[in-house]
Protein chains: 2
Amino acid sequence: MKTADPELMRAINRFHVMDAVRRFGPIARVEISTRTELSPTTVSAITAALLEDGLIVPRQMGDLRDAARGRPRVLLELNPEAAQVVGVKLAPDRITVVLTNFRADVLAQLALPIRLSRQAAAVVADLVEDGIRQCVADAGCPLENVRGICVGLPGVVEHGAGICRQSPVFTESDVPFATELSRRLQRPVSIDSDANLVALAESWFGAARGLDDFLVVSVEHSLGLGIMHKGELFRGAGGLSPDLGDMLVRPAGRTDGTRLADIASEAALLIEAQAVLTAPEDQQLFRAGRGLGRVLALAEAGDARMTGLLGEAGEALGFAIANLIALFAPPKVILAGALIQEGAPLLDALLRTVAALLPPSLAGVAEIVTHRSTDTIWARGAAAMTLQELYGAPWNTTGPALRA
Amino acid sequence: MKTADPELMRAINRFHVMDAVRRFGPIARVEISTRTELSPTTVSAITAALLEDGLIVPRQMGDLRDAARGRPRVLLELNPEAAQVVGVKLAPDRITVVLTNFRADVLAQLALPIRLSRQAAAVVADLVEDGIRQCVADAGCPLENVRGICVGLPGVVEHGAGICRQSPVFTESDVPFATELSRRLQRPVSIDSDANLVALAESWFGAARGLDDFLVVSVEHSLGLGIMHKGELFRGAGGLSPDLGDMLVRPAGRTDGTRLADIASEAALLIEAQAVLTAPEDQQLFRAGRGLGRVLALAEAGDARMTGLLGEAGEALGFAIANLIALFAPPKVILAGALIQEGAPLLDALLRTVAALLPPSLAGVAEIVTHRSTDTIWARGAAAMTLQELYGAPWNTTGPALRA
DNA sequence: CGGATTAATGCGGAACCCGTAATAAAGCGG
DNA sequence: CCGCTTTATTACGGGTTCCGCATTAATCCG
């Protein structure tokens with residue numbers, strides 16, 4: 001926690017005003033005042049500064065007071081033109097790039113279906129750089145206008161330092177990807193765990209709007225875990241984002257095959273399924289990257305081997321999620337990913353396991369919902385991360401108050 | 001996060017000054033200024049107010065500057081007399097009460113070796129009330145002078161609401177213990193998970209002094225987990241303290257006996273050991289409450305059944321701790337409890353399991369140490385919790401900034 | 001006993017929030 | 001059409017805070 005001075009005070013209150021404008025859409029000063037519990041005078045002063053800076057704009061039309069007497073309110077909203085930011089999602093089979101405006105509306109997007117599992121960091125950086133340049137070019141937006149870039153990727157990411165400790169997309173460990181991209185593009189770049197970004201997206205414009213505490217669990221090629229805790233993205237000590245794949249699901253005593261990623265990720269499932277489905281036409285499908293569809297179709301048709309695999313994965317996920325609920329007590333858990341479907345064996349097993357394992361005292365706390373997130377939403381979350389910094393959340397900039 | 005006003009600003013900075021005095025005191029104003037990065041003027045003003053309020057006192061003696069030139073510094077320290085607080089630790093076999101001064105020095109303590117597993121809340125409240133009254137009477141301190149009371153107990157505790165959701169010491173669930181005690185004693189009362197309090201104690205005057213991130217795992221009659229995260233005690237959504245006993249250690253598919261508490265707590269170990277050691281003299285020891293010593297002695301002597309049990313418990317604990325390290329990435333993990341001994345089978349198995357299960361990217365982050373905490377230290381932690389509130393940490397008082 | 005040196009503190013300036021009062025911009029009723 | 005009422009917004013003054021600068025305080029040194 002930083003020491004307080006008038007500047008910080010103003011930064012805090014300005015952020016609250018910005019946050020109210022973002023969340024409650026076109027909104028009048030009076031309403032900002034009641035919501036933030038700041039005095040009308042202060043709101044007026046702050047909004048004047050924000051208007052001056054071009055971050056918000058008035059919107060005369062649409063006066064929908066119930067009692068239409070008195071001076072009409074002037075509605076304020078975010079100025080979409082105030083900034084452009086870029087969000088990138090890196091997955092092992094795809095790069096998604098979006099350019100958004102200041103409201104996180106997508107202006108342009110680009111999906112590169114490129115297989116980049118375990119690539120050299122330089123190669124990935126090349127691809128991302130090209131993708132970003134092309135995306136902003138498509139939108140006719142000079143790169144210089146882009147106020148910030150955020151990249152989401154699976155694995156263990158250190159947001160603060162901009163280092164990716166370990167990820168399925170890189171061969172190397174400890175990749176300083178943020179500095180590398182920043183050097184290439186001459187723009188501010190940050191990186192974060194992909195699941196954290198989708199958590200932010202869900203909180204801004206998704207299934208968890210306005211919720212201060214929730215989990216996002218994504219089952220994709222790899223597993224993702226995003227945690228919103230007390231209104232902020234949860235990160236471990238040193239800003240290290242935890243990786244759901246590193247959660248353990250086997251009992252002690254067996255040191256092999258214990259990571260959740262080895263049981264419940266798409267990648268792991270495909271490997272196990274490929275070992276089982278030995279028919280040549282199946283193998284063909286796997287080689288063509290269509291194995292997942294085949295697995296789901298077989299499970300749908302009642303193939304015991306496939307439902308068994310999916311059930312095992314679901315049980316493992318349920319086990320991990322029950323642990324997370326015991327720790328974070330989130331009112332909501334959002335599940336995402338192609339494997340998560342209503343009525344599918346994986347989801348059934350997951351829900352059943354959570355219900356069975358959760359202690360009675362925590363039985364009711366978490367509502368588990370599914371939500372289909374597109375790659376665009378993920379990338380929008382990345383954009384939102386940069387926007388949040390532009391809004392100027394002051395507590396992110398705080399250093400240790402006492403030096404040893 | 002609360003909206004900022006001058007009052008909050010001052011509260012924040014006053015807290016920083018108090019914190020510096022507590023941590024580094026006796027300390028001169030100049031040094032407070034450099035450590036907090038507040039201007040000397042501001043420090044002077046704040047310390048003047050604190051002196052006025054009697055929270056700190058000057059200490060002329062002991063001028064140990066290296067260069068003894070210039071005006072000598074006036075050292076400031078906490079005024080021990082500024083307040084008295086009571087800390088209570090509730091364990092299934094013992095109630096410990098301490099009275100401390102403003103520096104968390106113990107003025108009087110009282111240990112009641114009472115078995116209170118699964119007692120009615122009213123009975124426990126009776127015992128605690130009597131214990132507190134007796135303890136403060138022993139010290140000749142009128143109860144009216146006690147500025148606050150904090151009770152630590154195992155189980156799932158909701159600190160904010162003062163409710164104990166579930167605990168081995170109560171028969172009931174959802175016990176509003178804080179209000180109940182407050183009504184009886186007419187003093188402010190708070191409750192928290194016992195492990196959180198020992199974490200606070202370790203951070204104030206124990207093995208984790210000044211550390212912003214660490215875990216405390218205590219293996220006692222029941223299991224405890226205290227998490228210091230970014231300088232604050234970690235609690236789940238709604239202020240719910242997680243319970244280590246609710247962590248799960250068995251794989252999905254087996255829904256029975258999966259809680260860590262059923263494998264690795266002293267209580268569970270005793271039950272399992274009692275089932276194995278059928279000799280009449282052993283059963284005698286168990287009934288006399290001396291079973292644990294017997295188990296340890298047998299294990300020491302190489303009894304395979306006992307080392308097996310302990311090893312299994314250690315592996316289960318290691319499994320849970322590895323998961324927690326993956327989530328929180330704490331630089332330090334402190335283990336406490338009678339079962340945790342250097343060279344003992346439980347600790348060996350625990351360390352081995354953590355090392356085996358932790359993914360390489362997290363291999364070096366956490367140093368695991370053991371630390372023997374007495375019941376007094378725990379109760380001191382409870383006192384420290386109240387003191388922290390008296391110091392006026394402003395962020396604890398913040399409500400939601402935006403009302404829906 | 002007069003510098004030199006370091007510690008602590010008035011003093012004035014600047015920024016901020018807030019309460020009150022004034023102003024702005026509508027609708028309503030005569 | 002015009003004044004009155006109502007509601008939103010803003011100007012103004014007061015109070016608080018932090019900070020930079022200059023001053024005072026307290027010691028050592030020669």
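The chains referred to below are lettered A, B, ... by the order of the sequence lines, with proteins before strands, and numbering in each begins at 1. Computation of the quantities below employed the complete heavy-atom set of this structure, encompassing side-chain atoms and omitting hydrogens, waters and symmetry-equivalent molecules.
Between B:Asn13 and D:dC18 there is a side-chain polar atom (N or O) within less than 4.0 angstrom of OP1 or OP2. Between B:Thr42 and D:dC19, a side-chain N or O to OP1/OP2 separation shorter than 4.0 Å is present. Between A:Arg69 and the phosphate of C:dC28, there is no side-chain N or O to OP1/OP2 separation shorter than 4.0 Å. The phosphate of C:dC17 has OP1 or OP2 within less than 4.0 Å of a side-chain N or O from A:Arg10.
In this entry the distance linking CG of A:Leu50 with P of D:dT10 reads 13 Å, nearest Å. C:dA8 atom C1' lies 12 Å from atom CD1 of B:Ile32, rounded to whole Å. In this entry the distance linking CZ of A:Arg14 with P of C:dA15 reads 14 Å, nearest Å. Look at CD1 on B:Ile46: it is 9 Å from P on D:dT17, rounded to the nearest Å. Between the CD1 atom of A:Ile27 and the P atom of D:dT9 there is a distance of 10 Å, rounded to whole Å. The separation between B:Leu75 atom CG and C:dT6 atom P is 17 Å, rounded to whole Å. Rounded to whole angstrom, the span from the CZ atom of B:Arg73 across to the P atom of C:dA8 amounts to 7 Å. Taking atom CE of residue B:Met9 and atom P of nucleotide C:dA14, one finds them 16 Å apart after rounding to whole Å.
If B:Leu38 and A:Ser44 are placed on DNA chain D by their nearest nucleotide, the residue sitting closer to the 5' end is A:Ser44. Along DNA chain D, the nucleotide closest to B:Pro6 and the one closest to A:Thr47 are compared, and the more 5′ of them pairs with A:Thr47.
Not a single donor-acceptor pair, N or O on each side, falls under 3.5 Å between the base of D:dA26 and the side chain of B:Arg71. Contact of A:Thr41 with C:dG19 (side chain to base): a donor-acceptor pair of N or O atoms is detected under 3.5 Å.
A donor-acceptor pair shorter than 3.5 Å cannot be found between the side chains of A:Arg29 and A:Ser44. A side-chain N or O of A:Asp192 and one of A:Ser241 form a donor-acceptor pair less than 3.5 Å apart.
Listed candidates were C:dA8, C:dC18, D:dG20. Nearest to the side chain of B:Val74 is C:dA8.
Taking 4.0 Å as the cut-off between side-chain N and carboxylate O, A:Lys332 and A:Asp213 do not count as a salt-bridged pair.
Judged by a 6.0 Å distance limit and a 45° cone about the ring axis, A:Arg22 is positioned over the six-membered ring of A:Trp204.
With ring centers used as reference points, B:His229 lies 6.0 Å or more from B:Phe214.
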